[in-house]
Structure formats: structure tokens, C-alpha cells
Amino acid sequence: MRFQEYEAKEIFKEFGIPVPEGIVINSDSEIIPAIEKIGIPAILKAQVLVGGRGKAGGIRVVENLEEAVEACREIFNKKIKGYHVKELLIEKKLEILTELYCGITINRTLGRPVIMVSSEGGINIEETAEKNPNKIFTLYCDPLVDIYPFQIVNLVKNLGLKGDVLLKVSQIIGKLLQIFNKYNGIIVEVNPLVITNNKQVLCLDAVIQIDDSALFRYPEFQEKKFNQMDYSLQRLEKKGATYVQLEGNIGLICSGAGLAMATMDTIKSFPGLSPANFLETGGSITPELMEDCMEIVLERNVLKGIFINIYGGINPIHEGAKGIARVIKDRELEIPIVAKALGNKQEETWEILEKAGVYTYKKSDTHGAINYLAEILHLEVKG
Amino acid sequence: MRFQEYEAKEIFKEFGIPVPEGIVINSDSEIIPAIEKIGIPAILKAQVLVGGRGKAGGIRVVENLEEAVEACREIFNKKIKGYHVKELLIEKKLEILTELYCGITINRTLGRPVIMVSSEGGINIEETAEKNPNKIFTLYCDPLVDIYPFQIVNLVKNLGLKGDVLLKVSQIIGKLLQIFNKYNGIIVEVNPLVITNNKQVLCLDAVIQIDDSALFRYPEFQEKKFNQMDYSLQRLEKKGATYVQLEGNIGLICSGAGLAMATMDTIKSFPGLSPANFLETGGSITPELMEDCMEIVLERNVLKGIFINIYGGINPIHEGAKGIARVIKDRELEIPIVAKALGNKQEETWEILEKAGVYTYKKSDTHGAINYLAEILHLEVKG
Amino acid sequence: MSILLNKDTKVLVQGITGNIGKTQTEYMIKSGTKVVAGVTPGKGGEKVFGVPVFDTVLEATNNYEIDFSVLFVPARVAKDSVIEAIESGINKIALITEHTPVHDTMVMKAYAKKHNALLIGPTTPGIVVPGECKIGILPINMFCPGNVGIISRSGTLAYEVAANLCLVGIGQSTVIGMGADMVAGTNLVEILELFNLDNETKVVVLIGEVGGSQEEDAAAFIKNKMDKPVIAYIAGASVPSGQRMGHAGAIVEGGKGSAKSKIDTLNNAGVKVAMMLNEIPLLVKELLS
Amino acid sequence: MSILLNKDTKVLVQGITGNIGKTQTEYMIKSGTKVVAGVTPGKGGEKVFGVPVFDTVLEATNNYEIDFSVLFVPARVAKDSVIEAIESGINKIALITEHTPVHDTMVMKAYAKKHNALLIGPTTPGIVVPGECKIGILPINMFCPGNVGIISRSGTLAYEVAANLCLVGIGQSTVIGMGADMVAGTNLVEILELFNLDNETKVVVLIGEVGGSQEEDAAAFIKNKMDKPVIAYIAGASVPSGQRMGHAGAIVEGGKGSAKSKIDTLNNAGVKVAMMLNEIPLLVKELLS
């Protein structure tokens, strides 16, 4: 789960981490009172859940009201890396001496949290990391042992900081680590972490992404996350499935993310076919989950056909088949559906699907199954 | 810091630990509505901060309203191990199948938390521990390693529990350990932890004592603790000193608990002399702290004399001396005061004290110093 | 021969009384696996398909010799259950459970390493020795005995690749799913090492996917230490990459993680990389003949 | 000779720039102690009585050889500071700080044990080698050189007993205060062992107090392993015992902890126990002559 910058900054504040004063607005009409409260010069920041919005024009410094109104309209009308801007954070522009970087994430191979700091904070941090990796200092955490404040001071010393600023930066990083640990973080990042001309240390940006699998520990976030989704996606997520809408013409239901990706690769290799979605059922297939999968796939009305690629390992595919059959019957579907369903209870599954009018492909090669679908589509087009 | 049973049960409830429904009353007049709400038979429990109140008559089972009113009056008029009863907890009496014991405390020698459980819960647990120590099962915690739920199940298995009850008891103990760790517990204890005839598991009693030195982590408790003290004691505690009122006639101010205890032992060995208090300054003597010490000692108006026994190690005793002198001057004290003040800055200290009219004893033997005080008192009595 | 598992391996099932635990225990027993005991706290004394159930792993290990524990427990108790197995002296563990919090996985991984235990998963489908036995959820009708070792980060892709090999008459020595969670208890390299030592295995098929740097590490191992030919496939080459949040992920991965990085690195290590699933049987056949 | 400390011991002061840290550093230097460096995070680059101050212990150990660290840090950072010292390779530590949370002390004690470090305190007054040097807060005018070792759970009682011995012409080899917190980093037995091996020490005075079972453990050690005579005094014999809460304390102590238990156990171990402070010099004199 990702948080908007202003939401992350709210969490920072709860932990006593200093952030600039800010106001969030949802519409043009709020910009003037916001600027009047915050003062000039101010920064307008698009609230979108992707990195690199600065380079994409999502951040603007304004020196007067007219400029603010204009910039505000421009940003609200922008799409940033495909995201509409629905909220804008207005903050006072500060006099900045130094921009640092601090990020906490997980090294997947080692299976350890890693704290990264650099004195080269700002929008070019990835470039710095690539060209001057020695400017990034890291502290790997042992998941079985607490990190103590002195270890963070030792890490931050590498940035050449002294006195009060050394302590303030170390304390902030200690608190970022607390957030990372308390909320099962995937990423907690501040870029830039700035030192102002009066030696204040503040987080100008704030990134928090937490582990969806740990959301049961934070019912308040779980609810928030579900509230951000539309209803059909919510139902799927609650049952452990994952859906991503794409631009193609073949609806897809797969059990397993790897299989889904391989299936998408294969579909794309057929001229004229492309996946309309990514859908991974997870390991808890029931008739109801399968109904929900069918419903969400059918929400896209550009489909030429549906391809179902499921295995009966942990999943009772014969149960899932009942859900598919029910949707076909209830909605009197006529769209061609090819299912490749193998593993435990495959015969039972085939029987149910065939009765419902689904074309079943009984061998294991996905390529052959999609070829079968292509043939059917071709026939249909002909007929 | 100790919590009353009902306060501890409030904390238990926050952690999801089941306790009987209860109502706290402060006066006789509240007993009838309380019993009407709770129902009959009910248990009346004196809220005092000592163990063994059951055997001292502080717990009564009542079968009807008249009995309740009478028992309530009796308990409110009682002193239990020296404590007045100011609050009474009324709870429904339950049908109990089994009484277990669970206590978490610190093994001082090992420096480790220890979880103790027994199937022989109830008022005779200490006897059981002495005569049948094999009926107490223990789990020592490594302060560097988390305790996992399965370890608690392994511990509780020793009590011969099965099924749901095994899980419920284990979960409760896991939560008691959470309380112990979260609040820096010295003792977290439930005796008895009961299994009812319908297989509910509940905490009939609740003991929580937490480390005063860790109270800075829980401002809400620190405030509560100070609010329970009268003002002069509060001032002392905030400055790191410890005061306990006693029954004797010699006011005492010592730097260090061991020295204070040894001084008390010595005073008692003189016929006619006995300590009026225990007062340990801690290691943060200032003129103001010493003034507060003098004031609280002088609150007892039965004093024949005051004995001050302080060392200048970490403590600036010459600073402390200024506070003593100020009180003597401001209150025009005439009570004889003997001070044995040695260590760093002893000469400066003697000078200040002597100017203020304090008898100084310049050798290190406390026995000699108290002998000097006895002589002075004798002279005074004579004079 | 096979790696990690054979018909004499004595298996414990943690979470044996749940729906999935019960069903899969039946499948395992039918596949020839020696399931000797099960554990579900609070269900001690019951039996599941004749297998005795205990409240704690310690009781199970006190009563039976256990070589391997397979877990079908809820995600929120996965960490506790894995550590219980390790603390009870079991040093091979497969965690089937999905949606385990990654912070819990990191603790388990560190704990297993500290105690020299092998933790496969979370979200592993398990291990199958075709024609002999299996632990986990792999449907055995997708597999057939032979000389190809399969290591896959994806569960269902492992089934697919094995079944496709069977279609052309190529069987498998051992098939093992690693689980594709953000952090895996055991990485690809550790299993490659085992296949490298296994006499029965002539060729290894490695099925990776985008994300992380396990495939890049595997490439280095194959280049430097592997005596057997390896065929690889990386799922997700044509999948549009998700929008990244922040920079931390990019910095820590240092350019690894994409399908392109993985494929290039594997190619450079002399591994034949199948660009499509259906190329795998052909490539394996070439190597075996 | 002396135990743990002598004039060549290179001492680090953590918390050197605070009021107490500064004052006590001056006293230590004047007493002959080799204070080579100090640490206060954020104060790196300053000097205190000529001693260089660093931000971190690591910088100090990178620049100086350190044998012993003495800490005058606030209670809330005591745990962090002690572990910093241990992690930086210092294996003798005295924590002067009072009011340290006991849960923090338990962590420090376990950490020290794991890393074979000796942690004296918290609330220790430190160690003095009369006439030579000291670490901590003991006022040196209370001590004189000689052959009696003193171990005390109370700080100021140690001063008193030493000064009283000096009054009758008996000096001390080393005087060490253990701190009387609920849990001590080092227990009495561990220091008795050191005195037992010290050639300079002819007699040991052990000053205990009510609470805990360290004196009972010490009695067992003295009975079985100690070659030198020990005199003991237990403070608090006549102090009314506080009201206990709950039963856990009584159960875990199993009858130990009272002055009576301690005195009886020590007597049974052949230790002469002074019932009053002023008996100590007489008893020591008897043993030395």
C-alpha cells in the first residue's frame, strides 16, 4: 500500500519528524486561501503515487498569487506518468543549505532491511547511485537484532555532518526506521532531507509504502486502502486475488503470477491478440472468487475472448469452475472462452466447464491453448 | 509504580485479556446500585496495593443485598496491612472449575524476566512454591530474543490443559508478557487465572507493578503517580530522592540507600533514639533538593534531632549545605542538627554548615557521629 | 536420486487440521509421502487420515523422528510456526502459506540461517519427486520421473513446464518451487548447488521472473561453479513495468530486476534462455540428446 | 596490584561534556587516572580538561587504545551508550548513571555477557585503587592504600567502610561499588573471583543489603572456592520490610532476600558478619594480624 506524500507526512508528524507546514487542496478554488495562509514563495506539489513527478512537471515554485493560480490549474489538468492529479500539497518554500537522501527498503536477495543515506540528495539520486555508488552509505539490519541509535549516528557521520545537525539527522533516520518497522514498510524514503540556512532539518518529501500482506495488523490502513478501490476490485483483493487493467482484447484469469506473466507473453506473440488485464487468483479459489474474477474481466467491453489458465494444486479448480459456469448462465454470455484447467480434479472441472459452453484445452501447453483460442476467434469472425 | 486491581484490569482489557465485569465504588452509598447492576452472588474486593488482602478479610462474597451493604461498610472501615480501603471493586461471582497461577517478574540475579505458571493457583501459591516447587513451571526469557507464542504453549502444556482452554490460557499469558514488556513491568501477575464451568478463561485478580525508572516512557502513568502523592513527596521524587515516613524521633537525610539503612540500624542501637524517616537523596543534590529534604523531614513534629549523613562523590555537598543553611535561617530552626559530610568539597561544606549552626562531625564513623548527636541531645535535655 | 526429499523422508504437517492442510495431507499420502505426524495447537489427540495430531511440534519430535516439516498455517502465525519447527530441531521446512508479511519472512530467513535450517518459501508449492512422493501442493499428475531438475520461482509455471516436458517424453528428477514473494527463505543459488551434486539430474530448468536479483546471482553461480547445463525462462518480459515509488528500490537493486537484465546476465553466463514457454522442451531435448 | 584498574588503564569517558561528566573527569584526572578520550554525540571536536571529545565511541577507539569506558550519560540513553561501547570493542564498562530502567539493564547485561564484556553498574560509584587512580565518582580522600578489597552494593557505604578502615590504619587494594539496582550488570561473585586471584588483597569486605540473592550466591562461592577470609555486613537488618505486591517476587526469590537469610547463609559459609558498621574495622584488624 502506498501513501500520498501528505499522508506520509502526517505519519511523520505523529512520530515527531519535522516536515514543512502544508495544506492539501482538491480544487482550484482553494488555492488562494491556501497561499494566503502558507505565504510566498510557496511550492505546489502534485499528489501522485509515482516517483519522478518533479521531472514530469508535478512540482512548481510560485512567487505570487497569480502565478500560483495558474500553476495550480496547470497541475490539476496534467496527467503524471498516467495518473490524474486529484490533490495538491501547498508548502512554504524554505531556504535550503543542503539536500540529503535517506531511504529504507528491503534487500530482497539478502532478506534484510537496508538504510541508505547520501549527501547527494535530490532528483538525481538514482544517477548518483549508479555513477558514484561510493556516495551512498548503507547500514544493513539483522532482522533478529535491534538497531541502536549509535549505529545510525555512525552511519550519518559518513555524510560529514557535525554538532546539532548530526544529531537531528540521526534522530530523524531513527524515527523513519521506527515507522518502517512498526508499519511493515517496503519503502520509507525522504528525498530530499534538507538542512535549512538556520540549521533546521526537515523532510521535504515523504514516501511510505507498506506491505499489503501485513495490512491485517493495521485495520485503519486496510480500510483506507479498500476505500480507495472501486467495489469489484475490493472484493477481489479481499479474497487474495490481484487485478491490473491493461489495454488489450483478451480477458485473462490465471492462477499464479508467474503463469499469468508467461501467459501474457504468449498472448502477445499472437498477431491481433493482447491481454486486456492481469488477473492472478491467488491460492484461495472458490466459486464466489471465480464469479468475481469473471465479473471484473467482463467490465472491459472491448473483449474478443477470455482465456482461463488455472492449475489445481492448492486450488480446488472444480469449485472455481462452478463460479465460471454460474456467470455464463446468469449473464447469458456468448463471448468465446477457452479454459486450460489441469491438476487435481481436472476431469470434474472439464465436465462443469464444457456443460457451461466453455472450450476446454486439455494439454498443458499454454501456447497450444492460446492457438486454440485464436482459431476459435478466427472461426467466429468467419462465421 | 503499583496499580490498583481495577486499574490493572483496565489495562488487561485494552490488551484483550478477559476479566469479570466489575464496578468500582468509593462509598457505602454506591453499593446497592452496583450490586443491582452486577447481580448476586457478587464479590467485594478491597482495592489496596498489597498482597494477601484475601486472608486479611479484604475480599467478601455476598449472597444478597443486606449482606452486601454490611460487608461493604466493614471493608471500608478496615485497615489492610496498614492501608485504608478507599475503593471497592464489585464483581459477579463466577462458577469456577480450576484456579491457575501466572506471574511474570524479574529474576534479579540472572537479570532475566521469568514467566511462572502453576495449576495450583489461589491464595496458597507461595506455600505451594515452597513445598512443591515442581508444581511451578518457569520460562526464562532472554532479553535479547523475542519470546514466541509456541514457547508459551509449550510452557502451558505442563499444566495438563488441552483444546481451546490450552490456547486461551496461552494467549492470555502472551498478552500479559506484552504488558510486562511494553510497560517495563516489575510484576505482572494473575492469581487466580480461572477456568469457568463453561470453559471461559478469565483473570480474577490482576497485579501490575512497573519500573519507576521507566516512567518517563509513559507520561500518563507518571502524572498519575505524582497525583497520588502529596506535594512535598512529589517534589522530592521528581528530583530523584526517596522518602518513607517511619515512627521514630530522629529526622534523617542520607545520600545513598545502603548508607541510609546502615545509619538507621545504628540509630536504633542507641537507647531512646529511632529513625523518624528513611530519606535517600539520590545523586542529584542541589540547594533546592536539600531544602525540600529538610522541609519534608520537618513535617514530622515529634523530632528530637536531625542527622545528616552525606558523601561528596557524585553529589556537590557544598551546594547541598547551602540549602540546609537556608532552611535553618528562614525557619529559625532550633532543633539540634548533626551533619557528617565527607568527600569532595568537605571543608567548604563544613564551613557553610557550621555558620548555620549545624554541629559537624568530621570523622567517617557513623556510629561516632550518632553518639555525638546523643550527647548533644542529652546536654540539651539537661540544659 | 532426488534432492531434499525421497520416499523415506519423514514428514510433519503443521496446520494439518485446516481445510487445506487436510486435503493436501491426503494428496501427499496418496502420492507416496511418509506423513508421520501433524500439529495444530488445540487439536492434540485428533487424527487426520490416520496421522496423529499434536498441540506442539515439540511433542511431535518427542514422539517421531521428523526430517521435513511442511506448513499449511495461516499467514499471521507463519513466523511463529516456522520458528517452532526450527527450535524443535527440524532443519528442512517448506512454508506453503501465501500472503506472509515480508518482515516476518525476513525474521524467519535470518532465524533459519542462524540455525542452519533450510526454509523453502513462503508461497512455495513445495517439492515433488515424480513417481515417488511430494510435499506441498503440486498436483502430481503434471509430473513424470526423469533426469531434469526444475527450479521455479512461480508455482503454477513449474507445473506447466514439467507437464510440457512430459508431453515430449522428458521426465523430472525433482521439481521445486521457491515461492515468488519479495523475500524467499531460500534463494535459487542454494538449490542450484544441490542439483549440481545430484547424480540423477542431467539438465536443470530455471524458471525466474521479473523483480529482485536472484536470477543474476544464479547466473554468476552457473558461470563459475555449475557443471550441468541450465535452461532458463524469465516470466514477465513483455509485462509493462509497474510505476515505482521513490528511488530506494532502484538504488538497492542497482539496475538488476528487469527481464532484460536477467536474460542478458544469464546469456552471458552461457545459459540458454527460452524467450517463450514452448521453447523450453525443445532446448531441453537438444541438451539431453 | 589491584583488580580491573591501575594507573596505566586507558579510560574513555562517555557523556564527558555534561555537568557531572566534566566535574568527575577533572576529579579522575587529578586522582591519577589516564583519561584518554571522551564521547558526547554532537560535541565532537571539543576538549574537556585537555581530553579530546568525539561524536562516537568508534571514532575514539579508532584514534586511541581504550581499556575501560566509564559512563555519565542520561538514563534514557544508557542502554544505547553501553552497547555502543561493547560494539566498539571495549570490554570493561562502568555505568555510573542512576535511574536506568531495569528492562534496559537486562538487555545490557545479556549483551555484555554475549560479548564477554564486564559491565559494572548501573548506579555504580566506580572503582578506586587508593593512591593510584579511580574511575567513577568515589571521593578519593575517603581511601588509603593497603591490602583490603572492598566490594559493596552501596556506593556511599563503601566510602564509609573504607574511611573507617583508614581511621584505624588499614588501607585498601581496590574498592568497587556494584550498584544496588534491581539487576546489576555484574554480580558479587564475579568480583569475589577477581579478588581471590589478586596477590595484593589479603582480606575482602563484602557490603551487601536486603533484596535479591547475590549475597546468598556469594556465600556459596566463598564456601567452595574462596581462599581468602571475607568479612560481611548487610545493610537494612532493622529496616521494616516494604509491603510486597503479588506473590511473584516471593516465588522467584524462594525465601532469599531478607537480611536474616543473607546473614545466616554467610555465617554458614564461614563468613564473619558484622552486625553494626563499627564492628567492621575490628573484625578486619583481627584477620590481618
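Note that this is a predicted model, so its numbers are computed, not measured. Residue numbering restarts at 1 for every chain, and letters A, B, ... go by the order of the sequence lines.
- Nearest approach of D/Ala235 to B/Ala262, heavy atoms of both residues: CB-N, 4.2 Å.
- Of the possible donor and acceptor atoms, one in the side chain of D/Glu98 sits under 3.5 Å from a partner among the backbone N and O of B/Gly283.
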Review point. What's the verdict on side-chain contact (heavy atoms from CB on, under 4.5 Å) for D/Tyr159 and B/Leu342, showing C-alpha distance, side-chain angles and the deciding distance?
Key: CA-CA 9 Å; D/Tyr159 316 164; B/Leu342 298 172; over 6 Å; no
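- Both the backbone and the side chain of D/Met182 come within contact range of chain B, each with at least one heavy atom under 4.5 Å from a heavy atom of that chain.
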Check your understanding: Run the salt bridge (charged side-chain N to carboxylate O under 4.0 Å, His left out) check on B/Arg217 and D/Asp104 step by step: do they pass?
Key -> CA-CA 12 Å; B/Arg217 290 176 177 149; D/Asp104 291 9; 2.7 Å; yes
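- Note on B/Met261, B/Arg108, B/Arg53: by heavy-atom pairs under 4.5 Å with chain D, the leading option is B/Arg108.
- Contact annotation for D/Lys113: neither backbone nor side-chain heavy atoms come within less than 4.5 Å of a heavy atom of chain B.
- The choice from B/Lys345, B/Lys363, B/Gln346, B/Met116 that makes the most heavy-atom pairs within less than 4.5 Å of chain D is B/Met116.
- Side-chain contact check for D/Thr156 and B/Ser255: no donor-acceptor pair (N or O, by modelled atom type) lies under 3.5 Å.
- Both the backbone and the side chain of D/Ala110 come within less than 4.5 Å of a heavy atom in chain B.
- Within a 6.0 Å radius of CD in B/Glu130, other residues, nucleotides and ligands contribute 12 heavy atoms or fewer.
- Taking chain D as the reference chain and counting heavy-atom pairs below 4.5 Å, the highest number among B/Asn107, B/Thr105, B/Thr109, B/Ile104 is found for B/Thr109.
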